[in-house]
Amino acid sequence: NAGVTQTPKFQVLKTGQSMTLQCAQDMNHEYMSWYRQDPGMGLRLIHYSVGAGITDQGEVPNGYNVSRSTTEDFPLRLLSAAPSQTSVYFCASTLAGRGGTQYFGPGTRLTVL
Amino acid sequence: GEDVEQSLFLSVREGDSSVINCTYTDSSSTYLYWYKQEPGAGLQLLTYIFSNMDMKQDQRLTVLLNKKDKHLSLRIADTQTGDSAIYFCAESTGGNTGKLIFGQGTTLQVKP
């Protein structure tokens, strides 16, 4: 198993540009989540999904869209990038059941100029 | 809303024990977690504890949970330089849906 994969690893955008951060998992996990990590603030939940076709907002959803058409993929879209979205983005998938263990991807470091 | 608090920095000598503390607010949390993050890497789950447990031990790691005070701690015995990292406490929220609330992280510095 590759686990949770994220692409790209690094990205630089100009203000107003759009892009999609990719996330895939091959563990057949039902639950997937997107977090952003900013210095001194830990990880904050952006959006999450409990299954294909079902998504919901987390703590900081503004400026981001998600969709979940398959169990494996959970892309995060930035429609019009802003400097405040400069961050490290982590995707995670969760094994439903005891412990709800979350497996994290390696992260995407995004800079918006 | 839910909140998780941690001290930001801890420095210990190699071979000593490290204790990282965390407080949380959601009394309905089912699970509480400790994650480790090394520089430039993602998060690695170290251990978790179910809310009806007081203690969990896993090799050099001991987790203590005081549910009355909503206090969680992680003790690392015989701390090594390879333990230097950021440690995050997290609580589950919204049932077992993968929604976690994270603390700010504690940077553990291990001096040789």
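Quick note on labels: first sequence line is chain A, next is B, and so on, each numbered from 1. Fair warning: this is a prediction, and the values are worked out from it, not measured in the lab.
In this structure, the side chains of Y35(A) and L100(B) come closer than 4.5 Å at one or more pairs of heavy atoms. Contact annotation: the side chain of F88(B) approaches that of Q37(A) to within less than 4.5 Å [non-hydrogen atoms, C-beta and beyond].
Only the side chain of Q37(B) comes within contact range of chain A, with at least one heavy atom under 4.5 Å from a heavy atom of that chain. When heavy atoms are compared at a cutoff of 4.5 Å, L8(B) does not approach chain A at all.
Taking all atoms of both residues into account, the shortest heavy-atom contact from Y35(B) to Q102(A) is OH-CB, 3.1 Å.
Note on F50(B) and Y48(B): same hydrophobic cluster, where clusters join Ile, Leu, Val, Met, Phe, Trp and Tyr whose side-chain heavy atoms are under 4.5 Å apart, directly or indirectly. By the rule that hydrophobic residues join a cluster once side-chain heavy atoms approach within less than 4.5 Å of another member, L72(B) and V19(B) end up as members of separate clusters. Linking ILVMFWY side-chain heavy atoms closer than 4.5 Å, directly or via other members, places Y103(A) and Y31(B) in two distinct hydrophobic clusters. The hydrophobic clustering, which links ILVMFWY residues whose side-chain heavy atoms are closer than 4.5 Å, places L45(B) and I20(B) together.
If you take CD1 on I101(B) and CG on L43(A), they are separated by 10.5 Å, rounding to the nearest 0.5 Å.
Enclosure of atom CZ in R44(A) by more than 12 non-hydrogen atoms of other residues, nucleotides or ligands within 6.0 angstrom is indicated.
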